[in-house]
Amino acid sequence: MYEFSLARSMNNAVLSLCKKSGWSRVRHIVLKIGGLRKVNLELMAFIFDVISRGTKTEGASFSIMSLPVIFRCRSCGRDAPSETTEFACPLCGSRDVELLCGLELAIELLEVEKEQE
Ligand SMILES: [Zn+2]
């Protein structure tokens with residue numbers, strides 16, 4: 001299940017940041033996800049809720065910043081955002097394209113609480 005591995009790796013990444021930075025709790029997580037990654041957000045939120053129990057991310061909410069799919073076309077030389085996941089230039093239809101943006105997957109922002117001194 002894609003959402004499971006995604007939620008788990010996100011949680012692990014956040015927890016290791018907590019350890020390094022001395023955060024006691026994570027309140028909110030913003031994820032940056034490229035448009036070519038099809039993620040079921042409801043499913044992911046459910047899985048995250050389960051795997052974060054008992055950890056510093058328990059109860060954290062998260063939101064997704066969706067990034068557009070952008071192709072660079074080698075035929076017409078233009079960069080264009082695509083509405084579909086098809087590997088073709090949205091402007092001239094050529095399949096000689098390079099993906100500029102769309103597969104991103106990163107933690108963009110965290111809202112945390114610091115450990116009390
Ligand atoms: Zn083109």
Side-chain angles (χ1 to χ4, degrees):
M1 201 183 342
Y2 178 55
E3 281 79 6
F4 182 80
S5 55
L6 194 61
R8 192 175 50 184
S9 60
M10 177 182 85
N11 196 40
N12 288 343
V14 174
L15 288 176
S16 78
L17 280 172
C18 281
K19 208 171 177 182
K20 263 187 241 162
S21 315
W23 300 330
S24 57
R25 213 172 89 79
V26 177
R27 271 188 254 166
H28 188 68
I29 301 165
V30 180
L31 282 182
K32 196 163 65 173
I33 296 183
L36 280 181
R37 291 187 183 268
K38 295 291 164 205
V39 178
N40 181 332
L41 291 183
E42 276 178 32
L43 180 59
M44 192 166 147
F46 174 77
I47 296 166
F48 180 74
D49 189 54
V50 175
I51 61 176
S52 64
R53 269 175 212 164
T55 74
K56 288 178 175 178
T57 53
E58 181 170 359
S61 56
F62 67 90
S63 55
I64 304 287
M65 187 186 264
S66 197
L67 297 179
V69 178
I70 300 175
F71 289 113
R72 169 164 289 167
C73 177
R74 293 192 191 96
S75 296
C76 70
R78 292 177 286 186
D79 299 342
S82 175
E83 298 296 317
T84 71
T85 54
E86 197 184 343
F87 272 68
C89 174
L91 301 172
C92 74
S94 166
R95 294 191 170 269
D96 191 11
V97 292
E98 179 189 339
L99 184 67
L100 289 186
C101 180
L103 282 176
E104 292 75 7
L105 182 58
I107 294 163
E108 174 70 11
L109 189 81
L110 292 172
E111 272 177 43
V112 300
E113 286 172 17
K114 284 227 165 202
E115 256 154 35
Q116 301 297 318
E117 296 294 305

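Computed from a prediction, not measured in an experiment: that's the story for all the values here. We count ligands from 1, going down the list as the structure has it; atoms in each ligand are counted the same way.
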Table please: side-chain donor-acceptor pairs of residues 40-50 below 3.5 Å, with sequence neighbours left out.
unit_1: Asn40; atom_1: OD1; unit_2: Glu42; atom_2: N; d: 3.2
unit_1: Asn40; atom_1: OD1; unit_2: Leu43; atom_2: N; d: 3.0
unit_1: Asp49; atom_1: OD2; unit_2: Arg53; atom_2: NH2; d: 3.2

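Of all protein N/O/S atoms, those lying under 2.8 Å from the Zn ion (ligand 1) come to 4.
The minimum heavy-atom distance between Cys76 and Cys73, with the atom names listed, is N-SG, 3.2 Å.
Arg25 contributes atom CZ, which lies 10.5 Å from atom SG of Cys18 (distance to the nearest 0.5 angstrom). In this structure, NE2 in His28 is found 7.5 Å from CG in Leu109, a value given to the nearest 0.5 Å.
Side-chain polar atoms of Asn11 and Thr57 form a donor-acceptor pair below 3.5 angstrom.
Side chain of Arg95 to backbone of Ala88: no donor-acceptor contact under 3.5 angstrom is found.
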